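Written below as structure tokens is the structure these notes are about.
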Amino acid sequence: MLEHFDTIYSILHHFRSIDPGLKEDTLEFLIKVVSRHSQELPTILDDAALSVSDRSAHLNALKMNCYALIRLLESFETMTSQTSLMDLDLSGKGRKARAKSAHGFDWEEERQPILQLLTQLLQLDIRHLWNHSIIEEEFISLVTGCCYRLLENPTISHQKNRPTREAITCLLGVALTRYNHMLSATVKIIQMLQHFEHLASVLVAAVSLWATDYGMKSIVGEIVREIGQKCPQELSRDPSGAKGFATFLTELAERVPAILMSSICILLDHLDGENYMMRNAVLAAMAEMVLQVLNGDQLEAAARDTRDQFLDTLQAHGHDVNSFVRSRVLQLFTRIVQQKALPLTRFQAVVALAVGRLADKSVLVCKNAIQLLASFLANNPFSCKLSDTDLAGPLQKETQKLQEMRAQRRAAAASTVLDPEDEWEAMLPELKATLQQLLKLPQEGEGMPEEIAETETAKEVESRIRQLLAKASYRQAIILAREAIGHFQESQPFCHMDPEDSEETRFLTLLGTIFKGPEAPTQEKTPQGAVGNLGSGETGCEDQSAPEKHREDDELVKQEMLVQYLQDAYSFSQKITEAIGIISKMMYEHTTTVVQEVIEFFVMVFQFGVPQALFGVRRMLPLIWSKEPGVREAVLNAYRQLYLKPKGDSARAKAQTLIHNLSLLLVDASVGTIQCLEEILCEFVQKDELKPAVTQVLWERATEKVPCSPLERCSSVMLLGMMARGKPEIVGSNLDTLVSIGLDEKFPPDYRLAQQVCHAITNISDRRKPSLGKRHPPFRLPQEHCLFERLREMVTKGIVHPDPLWIPFKEAAVTLIYQLAEGPEAICAQMLQGCAKQALEKLEEKSPPQEAPKDTPMLPTFLLMNLLSLAGDVALQQLVHLEQAVSGELCRRRVLQEEQEHKAKDPKEKDASSEATMEEEMGLVGATADDTEAELIRGICKQTLAAFVPLLLKVCNNPGLYSNPELCAAASLALGKFCMISATFCDSQLRLLFTMLEKSSLPIVRSNLMIATGDLAIRFPNLVDPWTPHLYARLRDPAQQVRKTAGLVMTHLILKDMVKVKGQVSEMAVLLIDPAPQIAALAKNFFNELSHKGNAIYNLLPDIISRLSAPEGGVEEEPFHTIMKQLLSYITKDKQTESLVEKLCQRFRTARTERQYRDLAYCVSQLPLTERGLRKMLDNFDCFGDKLSDESIFSAFLSVVGKLRRGAKPEGKAVIDEFEQKLRACHTRGLDAIEEFEMGQGGSQRAPSAKKLPAVSRHRHLASAASDDDFVTPEPRRTTRRHPNTQQQVSKKKLRIVFSSDESSEEELSAEMMEDETPKKTTPIRRASAHRQRS
């Protein structure tokens, strides 16, 4: 090498241009040279007689060898990196083949042997080749530099390069341990983390290996110190470097948390820095230390304090300003809880944190909060059943027991005899003072004489004195003692008075003897042996009581721990219950992942027996109709997990449990809930997930082969009917059994069971309209079938009995007859005739011949109600039958006939006409046939049920005469159903319908008619169109039930484009602030859906703002803000925002009141303005500049400035500053000289306002009047389109629509309006393009 280095160097210098084969040969040659040299070096180094020249020659050879090999390695690496960049479009085998052809070999496989060779060389004691055994820093940098160069390759982190990574780690580890490479390695690692994102994981593996296997723990501290000294402000400007440091710290904490813990204090400054990734990294490191190092109950006090500090920090950052940090904290707590590393004392605090985060604005935080609560449930240390009602009983019982134990303990402590000597010493000073006072002034004692009864003995008096001293009644005790000395001169202890002592001493001695008892003096005289015996006896008693006392203490401690445990469990259960209420509201969020988390949470809560969980399980049912497959599948999985995997020893026991659980869902379930459950069971049945044992147990309960209650039997029939939708044969094969179950001839009949039997049988037929592609006729049963006979009998016989369950039963029966019977109109005609006949018989019974002819016979109210209700149901089902079943069958037969005729044609005839002509003719013929069939069906509908119309109209026209609420409800509903049949009849009765809708005093009638008129608006849109304002008016109905129904109906009509949407939609906006949460949620859902229909909300906003802020009929200011904040959140497009800003600014000129100015300013402040929007405001500054003297208007515009400043670009800040200066100037000028300002500007503003008055009156809210005369039928709307500019030319004599809810007693008998008030013309609905913006 010494002789031929120039040749090698020239190859390195011209590496790019030389032949690949030469490069490979040079590499192979150098590997052999270095390998040979490394084998010879141990012998050379051990040679003590090595001369200076030989040592120098070997040193130069070593340097040259290493330099040449390392530079050649770096040259190959550079070329490989460049080639890989050029070949990014290639992948797999093609790329690898190209690399091999370029180099003649695979370089990735050659790197590892070279690195191992260099490692082997460094492991030798080569320092002896240098003077004074000090290796040059440049040599070590040369060897380690190639390692860092290799690490910069982005592919180094790939799995295939693992051997290379291990070789680099080993080489650098030798450099660290043997050649003092610590400082350089630290600096290089910090630099690489800042500039190469892919290296974080690679360097973590290397550093953790050096810290453990190589014993270089100090390098962790050095790297962490360097990261800790980085300025947080600089890291906030360098997100790439911050991300590298954060990933490094997080993964290093996972590998070596104990080593990192000693340096964690250096990183604490980053918790206050701006970069959220660094905060996340430090918090993750703390969590890893809690999990791996500070876990367990046997921690020392210092370790426990450190753990508590870490957990405090984590909890504090649960309220971090950045949502990613809050989310990360919740994830870390989830891991801590899952690994049972959270101390019990912190359970309540962390659960409270999770519950609080459920209201977070960030979806990610909410999702992780739900996951944390689910982890708490799954890993709670309390119980597998967390019902707070079940826990409250034991808690109260055990708390009472603890209080009793504490009371006994206090009583025992109080009853323990204290040392009399100590008590005497305590009371002596006060007693002596009292005695001295009495001795000086004996007359003071005369006021409180203590008499001694003749029968009292010395012992009794002594006891009284002792009690008085114990009560601190010293004066009475002294007086009584004085009396006792004179009374008992020969009795103990009053006779032992030393005359030589002073009177005070004698009294104190006597009182001391009495209080301390005779034991003390007696003890003194007792012989020493007796004292010894007594002492040993007392000691024995004490020895016996000591274990007893310890046992009582242990029991008390155990009881306290039990009560604390129950208290914690109860508090935890209450927190979970609180969380259920919040989480259930998140079930209908737009984010699929959140909804899935909510569903999984309720599954877990239900499994832990929390009673409120059933509410959430029911609430998730409607999600089965979700358009998101993930949500629908989550609901199915939830019910699969909750109900299809019951506990039980046998298949039958499991089936019984499953049925019982499903039956609980049906208790008090609404129609919607039952439909959702039916869809889920249908899905399970179609996938054969319900075992045969379930069906068998259901049939046994339905047929009463096993004992069950009537409700259980009814629920079994319901479940069978639901399953029949998935597999009709479940019910179809046992039809006769089902008829005998629910439609037998027992009395009184069970109408609830009969109704469910009808529903179950209905499910065996396909309820949808037959499609043209189906060639088979629909499934029908003959008229003579026993099912229809039994139904007819039950309906006919039941009409004369006032059973409220008969009405829903007969509705189900009529539906079933029209669904399954051949010729259902004949069966229902017989049914109606039979019922009418019975009604006439009842009428004849009530009117005997001798009765005066002027008296009108009366029919029972319930009978009339049942008759009208039955007629209405038959009318509606007849219509459905003719429109769907008959029409579909006619179409099916026509298509079959045309196909047969087409096949029968001569082939030449077929060829004569082209396919296009044939299709056109077929389409024309088909359309003509459809029209013919439709006319036929309408004709049949008009002729039916005509006999009941006069009776029905009489009841509806005379609400005063027929005032029964149930009868009114049934009659109004029947009238709505009759109107569905014929356009002519509907047109003639619309006035009556809307009069009842407006004036009826019964909310149920108004609610029913709202649904009926909604259906009529779909069936006869041109007829109902002039009455649309009456529909909107019900949105402000005083009854909550009516408002909710009106909201639902208008939602469907508007979203289906069946009603023209104009400014009246402001009535829907008012529902956003409805006191009923259900109605407010309904309105919010309506606007959410409407926002997806092009520019609908944008087009409506100006009218809505005008109506809601109008002095007449608007809303208050705070509710206005709530409504507009919601509606303006749907404006997201920049063009829409700019246009709205311009319109709103110009409206300041036409506004008439201060309130309207404030409303407009608020709306502007809520828009998501951009720089272009700001320029629009500047252009229209004159419109609102004179209004800025109002503080609230000025504040609203200032908030706009604040929003714009947040993300403003430097060039845009000048415009913002200009706008703010103008705002402040106008505001100040208005405050300083407001009178002058008004005089200068007021005149110019009044004129436009006056001109706009007619326009404002057009948006005036519908007012109420006092009488029926003011109820004016709306004029039909003109169909001619006007140019937008001509819209102001509206006739000033426009009729004003007035409503009245007051009905005078004189007019009750005739609620129908006058003939001349009925709309004479109808306007066909024209559909405008939803995408066309409003001008």
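Sequential numbering from 1 along the given sequence is applied to the chain's residues. This one's a predicted model, so the numbers in the text were calculated from it and none came from an experiment. Scope of the values below: all heavy atoms of this structure, side chains included, with no hydrogens, waters or symmetry mates.
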Charged N to carboxylate O below 4.0 Å: is that the case for [X] and [Y]?
| X | Y | answer |
| --- | --- | --- |
| E700 | R652 | yes |
| D688 | K727 | yes |
| E679 | R632 | yes |

With no hydrogens and no angle check, is any side-chain donor or acceptor of [X] less than 3.5 Å from a backbone partner on [Y]?
| X | Y | answer |
| --- | --- | --- |
| S733 | E729 | yes |
| T796 | E793 | no |
| N1085 | A1081 | no |
| N368 | L330 | no |
| T815 | E811 | yes |
| R713 | A702 | yes |
| N763 | G721 | yes |

[X] atom [atom1]: more than 12 heavy-atom contacts under 6.0 Å:
| X | atom1 | answer |
| --- | --- | --- |
| E633 | CD | yes |
| E966 | CD | no |
| H801 | NE2 | yes |

Is there side-chain contact between [X] and [Y], with heavy atoms separated by less than 4.5 Å?
| X | Y | value |
| --- | --- | --- |
| C682 | M722 | no |
| I730 | T695 | yes |
| L662 | L681 | yes |
| V874 | Y818 | yes |
| L753 | M718 | no |
| M1010 | V1042 | no |
| F809 | D803 | no |
| W806 | I799 | yes |

Please report the shortest heavy-atom distance between [X] and [Y], naming the atom on each side.
| X | Y | value |
| --- | --- | --- |
| L870 | C835 | CD2-SG, 3.5 Å |
| M586 | L358 | SD-O, 4.0 Å |
| L719 | S663 | CD1-OG, 4.1 Å |
| A651 | A693 | O-CB, 4.1 Å |
| A634 | Q596 | CB-CG, 4.1 Å |
| G823 | Q783 | O-NE2, 3.1 Å |

Should the pair F347 and F376 be assigned to parallel (<30°), tilted (30 to 60°) or perpendicular (>60°) ring geometry? perpendicular
Which residues pass the salt bridge (Lys or Arg N to Asp or Glu O under 4.0 Å) test with E1089, not counting sequence neighbours?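 Partners of E1089 by the salt bridge (Lys or Arg N to Asp or Glu O under 4.0 Å) criterion come out as none, since no residue qualifies.
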S740 and T737: CA distance, side-chain angles, deciding distance, side chain to side chain donor-acceptor pair (under 3.5 Å) verdict: CA-CA 5 Å; S740 64; T737 307; 5.4 Å; no
Got a second to check how far [X]'s [atom1] is from [Y]'s [atom2], nearest 0.5 Å?
| X | Y | atom1 | atom2 | answer |
| --- | --- | --- | --- | --- |
| C786 | D736 | SG | CG | 5.0 Å |
| I807 | F862 | CD1 | CZ | 10.5 Å |
| Q756 | Y751 | CD | OH | 15.5 Å |
| K705 | Q696 | NZ | CD | 9.0 Å |
| Q755 | M794 | CD | CE | 11.0 Å |
| S670 | I674 | OG | CD1 | 7.0 Å |

Do any pairs count as a ring-ring contact (aromatic ring centres under 6.0 Å, His included) and have a residue in residues 669-707, sequence neighbours left out, and if so which ones? none
Run V795 and V814 through side chain to side chain contact (heavy atoms under 4.5 Å, CB included) and show every step you take. CA-CA 9 Å; V795 171; V814 171; 5.9 Å; no
Show your reasoning for whether side chain to side chain contact (heavy atoms under 4.5 Å, CB included) applies to L665 and Y643. CA-CA 11 Å; L665 275 179; Y643 293 103; 3.4 Å; yes
Using the side chain to side chain contact (heavy atoms under 4.5 Å, CB included) definition, which of the options L973, L967, L863 pairs with L868?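 Among L973, L967, L863, the one meeting side chain to side chain contact (heavy atoms under 4.5 Å, CB included) with L868 is L967.
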Any luck finding a side-chain donor-acceptor pair between Q878 and E825 under 3.5 Å? no
Pair V337, T334 - check side chain to side chain contact (heavy atoms under 4.5 Å, CB included), show working. CA-CA 5 Å; V337 170; T334 301; 5.9 Å; no
Check step by step if side chain to side chain contact (heavy atoms under 4.5 Å, CB included) holds for R780 and L820. CA-CA 5 Å; R780 295 271 172 181; L820 279 183; 5.7 Å; no
